[in-house]
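See below for the structure under consideration.
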Number of protein chains: 2
Amino acid sequence: MSDRANSLTIGGLAKAAKVHIETIRYYQRRGLLQEPQRPPGGVRRYGDTDVRRLAFVKRAQQLGFSLDEVGDLLRLEDGASCQEARILAEHKLQDVREKIDGLVKIEMALGEMIDRCQEYQGRITCPLIVSLHEGFN
Amino acid sequence: MSDRANSLTIGGLAKAAKVHIETIRYYQRRGLLQEPQRPPGGVRRYGDTDVRRLAFVKRAQQLGFSLDEVGDLLRLEDGASCQEARILAEHKLQDVREKIDGLVKIEMALGEMIDRCQEYQGRITCPLIVSLHEGFN
DNA sequence: GTTACTTCCGTAGTGAGCTACGGAGTCAAG
DNA sequence: CTTGACTCCGTAGCTCACTACGGAAGTAAC
């Protein structure tokens with residue numbers, strides 16, 4: 001709606017999208033966000049499409065896509081290549097699952113170490129340190 | 001055992017500990033690994049204690065400790081301060097749990113997106129891209 | 001119309017954890 | 001004793017995603 005107005009300066013866009021100005025400029029340089037025409041002797045204006053695009057980038061990032069991959073996604077958007085987007089997402093899903101598995105192992109190891117530390121409190125050798133020496137799995 | 005021999009050159013240590021030579025030198029610069037005396041006109045030699053220390057560092061890293069934190073841990077080791085080590089580990093455990101929670105959310109979101117992509121295959125608008133625009137939670 | 005904030009733009013710096021480079025010195029095999 | 005691999009050392013570069021800086025031009029409020 002207010003998109004046609006394109007009323008935001010870069011600072012307003014930054015606030016609306018909750019990112020730093022420099023991040024916007026950085027995304028423009030990386031080609032993730034287009035730079036609006038600058039009126040001669042004026043200042044660039046942004047609108048809702050830009051706010052939405054920033055939200056898209058941030059959301060994809062949260063989902064574990066790197067900025068390069070976000071770029072791919074944005075290019076797919078125009079091409080409507082659902083197939084390719086799905087393959088990208090499937091790879092990401094696998095990554096995410098592997099990360100979770102690793103972290104769960106770490107969680108268990110840390111938990112055990114802390115428990116043992118609790119039990120043996122006051123002894124000369126800290127079981128946590130010993131565990132670190134021994135390795136896990 | 002072969003520790004007293006201290007027979008390894010830096011290359012041998014790197015192989016034994018499965019890290020790059022440059023990583024060893026980097027850890028020495030960071031104070032995580034001590035540099036053995038260099039015999040005049042000779043080459044430094046390393047032993048099992050060094051292999052074990054590298055294993056310690058790598059393991060702590062796997063557990064999500066930064067190299068600075070590993071440094072703390074190594075200092076605690078000598079001081080036998082179990083209490084402090086436990087506090088460090090408890091903080092790390094919390095971090096790890098938060099990371100897991102975030103990733104599980106992402107996992108679900110990605111899974112759903114892929115499912116929808118499957119269903120709607122062939123349509124003009126890719127549901128995966130649409131999801132990315134909508135946000136999750 | 002003056003003051004004070006923004007924008008613009010390019011370039012440089014940050015942090016974490018390495019990785020590479022280059023030239024001199026050292027060691028081990030044959 | 002030569003050849004070729006390895007070590008030493010300092011410094012520079014890398015990746016990722018920003019973040020900061022500085023000076024000129026534009027804009028908004030009073």
Side-chain angles (χ1 to χ4, degrees), chain A residues 5-47 50 53-74 92 95 99 102, chain B residues 5-47 50 53-74 92 95 99 102:
Chain A
N6 261 61
S7 53
L8 299 169
T9 64
I10 196 169
L13 175 59
K15 251 176 212 150
K18 285 167 194 151
V19 298
H20 291 295
I21 289 177
E22 296 305 319
T23 305
I24 293 170
R25 295 178 44 61
Y26 173 66
Y27 287 175
Q28 290 174 334
R29 287 199 293 274
R30 287 200 56 145
L32 297 175
L33 195 69
Q34 133 216 61
E35 288 188 70
Q37 216 71 49
R38 185 179 172 191
V43 134
R44 275 181 263 269
R45 296 289 170 166
Y46 300 85
D50 301 296
R53 181 157 268 229
L54 280 174
F56 181 99
V57 172
K58 282 292 158 196
R59 170 156 162 71
Q61 254 192 321
Q62 280 176 65
L63 288 171
F65 292 91
S66 72
L67 291 186
D68 274 356
E69 288 168 324
V70 175
D72 292 344
L73 245 22
L74 288 168
K92 265 304 129 185
D95 285 359
K99 271 187 203 165
Chain B
N6 260 61
S7 54
L8 299 168
T9 64
I10 196 170
L13 175 60
K15 252 177 212 150
K18 285 169 193 148
V19 298
H20 290 296
I21 289 177
E22 296 304 320
T23 305
I24 293 170
R25 296 177 45 61
Y26 174 65
Y27 287 175
Q28 289 174 335
R29 287 198 292 274
R30 287 201 56 146
L32 297 176
L33 196 68
Q34 133 217 58
E35 288 189 69
Q37 216 70 49
R38 185 180 171 190
V43 135
R44 274 182 262 270
R45 297 288 170 167
Y46 300 85
D50 300 296
R53 183 157 265 227
L54 280 174
F56 181 101
V57 172
K58 281 293 156 195
R59 170 157 163 72
Q61 254 192 322
Q62 281 176 65
L63 288 172
F65 292 91
S66 72
L67 291 185
D68 275 356
E69 289 169 323
V70 175
D72 293 343
L73 245 22
L74 288 168
K92 265 304 130 190
D95 286 359
K99 271 189 203 162

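Computed from a predicted model, the values in this text were never measured in an experiment. Numbered from 1 within each chain, the chains take letters A, B, ... in sequence-line order.
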Integer-rounded Å distance: [N] [atom2] and [X] [atom1]:
X: Arg30(A); N: dT19(D); atom1: CZ; atom2: C1'; result: 15 Å
X: Arg29(A); N: dT11(C); atom1: CZ; atom2: P; result: 10 Å
X: Gln28(A); N: dC18(D); atom1: CD; atom2: P; result: 14 Å
X: His20(A); N: dT14(C); atom1: NE2; atom2: P; result: 18 Å
X: Glu22(B); N: dC21(C); atom1: CD; atom2: C1'; result: 9 Å
X: Arg25(A); N: dT7(C); atom1: CZ; atom2: P; result: 11 Å
X: Glu69(B); N: dG17(C); atom1: CD; atom2: P; result: 9 Å
X: Tyr27(A); N: dT19(D); atom1: OH; atom2: C1'; result: 12 Å

Check whether any side-chain N or O of [X] sits under 4.0 Å from OP1 or OP2 of [N], and answer yes or no.
X: Lys58(B); N: dC18(C); result: yes
X: Thr23(B); N: dT19(C); result: yes
X: Gln61(A); N: dC18(D); result: yes

Residue mapping more 5' on DNA chain D - nearest nucleotide basis, Ile10(B) or Leu67(A):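 Its nearest nucleotide lies further toward 5', so the answer is Ile10(B).
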Sugar-phosphate, base or nothing in reach of Lys15(B), heavy atoms under 4.0 Å: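 Nothing, no nucleic acid heavy atom in range.
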Rounded distance [0.5 Å steps], CG in Leu8(B) versus OH in Tyr46(B):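 So the CG of Leu8(B) and the OH of Tyr46(B) are separated by 10.0 Å.
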Rounded distance (nearest 0.5 Å) linking atom CG of Asp68(B) with atom CZ of Arg30(B):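 It is 5.0 Å, given to the nearest 0.5 Å.
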Under-4.0 Å salt bridge between Asp95(B) and Lys92(B):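 Yes, this pair counts.
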Between the protein and nucleotides 26-30 of chain C, list every N/O to N/O distance that falls short of 3.5 Å.
residue : atom : partner  : partner atom : Å
dC27(C) : OP1  : Gly41(B) : O            : 3.4

Under a 4.5 Å cut-off applied to non-hydrogen side-chain atoms, are [X] and [Y] in contact?
X: Tyr27(A); Y: Leu67(A); value: yes
X: Val57(B); Y: Leu74(B); value: yes
X: Leu33(B); Y: Tyr26(B); value: no

Intermediate values then yes/no, side-chain contact (heavy atoms from CB on, under 4.5 Å), Val19(B) and Lys58(B): CA-CA 9 Å; Val19(B) 298; Lys58(B) 281 293 156 195; 3.7 Å; yes
